[in-house]
Number of protein chains: 2
Amino acid sequence: MSEYQALVDRVRQHGLRLTRQRSTILRALYELHGHASAEKIHERIRSHHGDVDLSTVYRTLEKLRDLRILSQTDLGRGCAEFEVVARQPHHHLICQSCGRVIDLDHAYLVPAEQAIRRDFCFEPTLDHLAIFGLCHACRRAEAVAD
Amino acid sequence: MSEYQALVDRVRQHGLRLTRQRSTILRALYELHGHASAEKIHERIRSHHGDVDLSTVYRTLEKLRDLRILSQTDLGRGCAEFEVVARQPHHHLICQSCGRVIDLDHAYLVPAEQAIRRDFCFEPTLDHLAIFGLCHACRRAEAVAD
DNA sequence: ATGCATGCAAATTGTTTGCACTTCA
DNA sequence: TGAAGTGCAAACAATTTGCATGCAT
């Protein structure tokens with residue numbers, strides 16, 4: 001079963017109706033693999049599939065996020081970014097200076113995650129964290145400038 | 001020397017002009033201790049001090065953030081929140097269901113921070129992280145509902 | 001005095017909403 | 001059939017910008 005099919009099935013299982021718009025949005029999301037803003041998804045659909053109203057895109061993304069089929073993250077680009085929730089959570093290091101995005105394996109956060117769960121009975125949604133900072137290159141550049 | 005005076009000095013040290021607006025914004029920020037949105041700061045100023053244009057508030061906050069005098073965080077309330085950077089970093093657990101905010105000591109993130117620095121030569125700005133999830137009470141409520 | 005800062009008003013951007021119409025289950 | 005979903009246009013809210021004027025250094 002394709003990954004796309006699996007997505008469609010999950011939507012169905014939650015009792016959502018499978019409309020043309022929804023399957024198109026899922027397809028676009030799958031094709032864009034990686035994060036995508038509502039706007040980007042909308043564009044992709046306009047250029048590769050039929051058309052779906054932007055407000056429908058927003059409504060659908062919100063619904064899928066609530067069902068935890070998608071994760072929503074703020075990558076510091078001034079808009080929400082969505083992604084299909086992976087079996088394996090993954091995170092991002094975002095350089096505040098050059099904008100570079102580095103993938104970060106979930107293993108780095110497991111200790112913190114466990115401690116938080118243990119000490120606060122708080123279940124963190126750590127499937128897609130954004131950590132801002134300075135990358136190697138920009139750190140250097142800044143050191144020189146000082 | 002008061003904390004407020006220290007703030008003013010830091011602004012000066014960075015070569016910024018100390019205008020009436022800027023010192024008012026710093027004062028409001030100090031008085032509000034804790035996070036505050038541009039809007040909230042603006043309101044505080046209107047009710048307790050003279051008046052400063054909202055756009056000036058935005059411009060100032062941006063500048064102070066760039067100088068790392070302030071930290072900017074997205075606490076999921078649909079607007080940016082600012083806070084004077086503390087000597088001691090601190091973080092927040094935010095319940096996606098009820099909106100409750102729980103303080104999280106920096107110690108929880110030290111291992112991750114060190115590993116990231118070591119493995120990626122990436123300097124994370126971990127002075128104010130927001131971790132979303134479900135608090136104890138909401139976890140329970142959800143378990144019952146299922 | 002000069003250039004950084006401000007106020008004002010208008011523009012932008014991302015997102016949400018009301019409502020009549022459509023469509024899937 | 002009936003509730004859930006959609007398109008459209010309009011409303012919103014947060015933030016940004018252009019430009020003439022003002023003030024700290």
Side-chain angles (χ1 to χ4, degrees), chain A residues 7-29 35-46 49-67 69-70 72-83 96 130, chain B residues 7-29 35-46 49-67 69-70 72-83 96 130:
Chain A
L7 271 183
V8 168
D9 287 351
R10 288 183 65 193
V11 169
R12 277 221 161 89
Q13 279 159 24
H14 280 284
L16 292 192
R17 290 186 185 171
L18 191 61
T19 61
R20 188 199 105 242
Q21 293 73 343
R22 280 187 183 156
S23 59
T24 308
I25 290 169
L26 286 174
R27 176 151 282 145
L29 222 22
H35 336 97
S37 63
E39 197 69 59
K40 205 175 270 177
I41 291 166
H42 187 231
E43 271 170 31
R44 168 85 198 176
I45 292 174
R46 294 205 61 153
H49 309 282
D51 188 23
V52 172
D53 194 78
L54 183 56
S55 69
T56 300
V57 173
Y58 274 106
R59 281 190 275 233
T60 303
L61 292 175
E62 185 189 358
K63 200 150 277 185
L64 296 179
R65 187 246 290 142
D66 288 347
L67 295 175
I69 289 173
L70 300 182
Q72 175 174 354
T73 316
D74 173 14
L75 259 26
R77 303 208 191 106
C79 64
E81 311 219 28
F82 295 83
E83 181 166 18
Q96 288 167 319
Chain B
L7 271 182
V8 168
D9 287 351
R10 290 184 65 193
V11 168
R12 275 220 161 89
Q13 278 160 25
H14 279 285
L16 292 192
R17 290 189 185 168
L18 192 60
T19 61
R20 189 199 105 243
Q21 298 64 350
R22 281 187 182 155
S23 60
T24 307
I25 290 169
L26 286 174
R27 176 151 283 145
L29 222 20
H35 336 95
S37 63
E39 196 68 60
K40 208 175 267 176
I41 291 166
H42 186 234
E43 272 171 31
R44 170 84 198 178
I45 292 173
R46 297 206 59 157
H49 311 281
D51 188 21
V52 172
D53 194 78
L54 183 55
S55 69
T56 300
V57 174
Y58 273 106
R59 282 190 273 232
T60 302
L61 293 176
E62 185 189 358
K63 200 149 276 185
L64 296 179
R65 186 245 290 141
D66 288 347
L67 295 175
I69 290 174
L70 299 182
Q72 175 176 356
T73 316
D74 173 15
L75 258 27
R77 304 210 188 106
C79 64
E81 311 219 28
F82 295 83
E83 180 165 16
Q96 288 168 319

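Here is the naming used below: chain letters follow the sequence lines, and residue numbers restart at 1 for every chain.
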(request) Identify the two heavy atoms, one from B:Ala28 and one from B:Arg44, that lie closest to each other, and give their separation to 0.1 Å. (result) CB-CG, 3.9 Å

(request) Return the value, rounded to whole Å, for the distance between atom CG of A:Asp53 and atom P of C:dT15. (result) 15 Å

(request) Residues of residues 10-29 of chain B with any non-hydrogen atom less than 4.0 angstrom from an atom of DNA chain C: list those, numerically ordered, please. (result) B:Leu16, B:Arg17, B:Thr19, B:Gln21, B:Arg22

(message) With heavy-atom distances below 4.5 Å as the criterion, would you say the side chains of B:Leu29 and B:Leu61 are in contact?
(response) yes

(request) Let me know the distance between CG of A:Leu75 and P of C:dG14, rounded to the nearest Å. (result) 15 Å

(message) Classify B:Ser55 by what it touches in the nucleic acid, base, sugar-phosphate, or nothing, heavy-atom distance under 4.0 Å.
(response) base

(request) State, with a plain yes or no, whether a side-chain heavy atom of A:Val8 is found less than 4.5 Å away from one of A:Arg22. (result) no

(message) Are more than 12 heavy atoms, taken from residues, nucleotides or ligands other than B:Arg46, located less than 6.0 Å from that residue's CZ atom?
(response) no

(message) What is the separation between atom CZ on B:Arg59 and atom P on C:dA9, rounded to the nearest whole Å?
(response) 14 Å

(message) If you assign each of B:Thr56 and A:Gly78 to its closest nucleotide in DNA chain C, which residue comes earlier from the 5' end?
(response) B:Thr56

(message) Does A:Leu54 form a side chain to side chain contact (heavy atoms under 4.5 Å, CB included) with A:Glu39? I'd like the steps, not just the answer.
(response) CA-CA 7 Å; A:Leu54 183 56; A:Glu39 197 69 59; 4.0 Å; yes

(message) Assuming nearest nucleotide by heavy-atom distance, tell me which of A:Val52 and B:Gln72 is located more 5' along DNA chain D.
(response) A:Val52

(request) Kindly determine whether A:Arg59 and A:Ser55 satisfy side-chain hydrogen bond (donor to acceptor under 3.5 Å, both in side chains), including the steps that lead there. (result) CA-CA 6 Å; A:Arg59 281 190 275 233; A:Ser55 69; 3.3 Å; yes

(message) Just so I know, are the side chains of B:His42 and B:Asp51 near enough to count as touching, which here means a heavy-atom distance under 4.5 Å?
(response) yes

(request) Indicate yes or no: at least one non-hydrogen side-chain atom of A:Lys63 is less than 4.5 angstrom from one of A:Leu16. (result) yes

(request) Using atom CG of A:Asp74 as one end and atom C1' of C:dG14 as the other, report the distance to the nearest whole Å. (result) 12 Å

(message) Nearest whole Å is fine: how far is C:dT13 P from A:Lys40 NZ?
(response) 16 Å

(message) In whole Å, I'd like the distance from the CZ atom of B:Arg77 to the C1' atom of C:dG14.
(response) 20 Å

(message) Taking any atom closer than 4.0 angstrom to a non-hydrogen atom of chain B, what span of DNA chain D does the protein reach, first nucleotide to last?
(response) D:dA14 to D:dT25

(request) Check the distance between C:dC8's P and B:Leu54's CG and give it to me in whole angstrom. (result) 12 Å

(message) How close do A:Cys79 and A:Asp74 get, counting heavy atoms only, and between which atoms?
(response) O-OD1, 4.4 Å

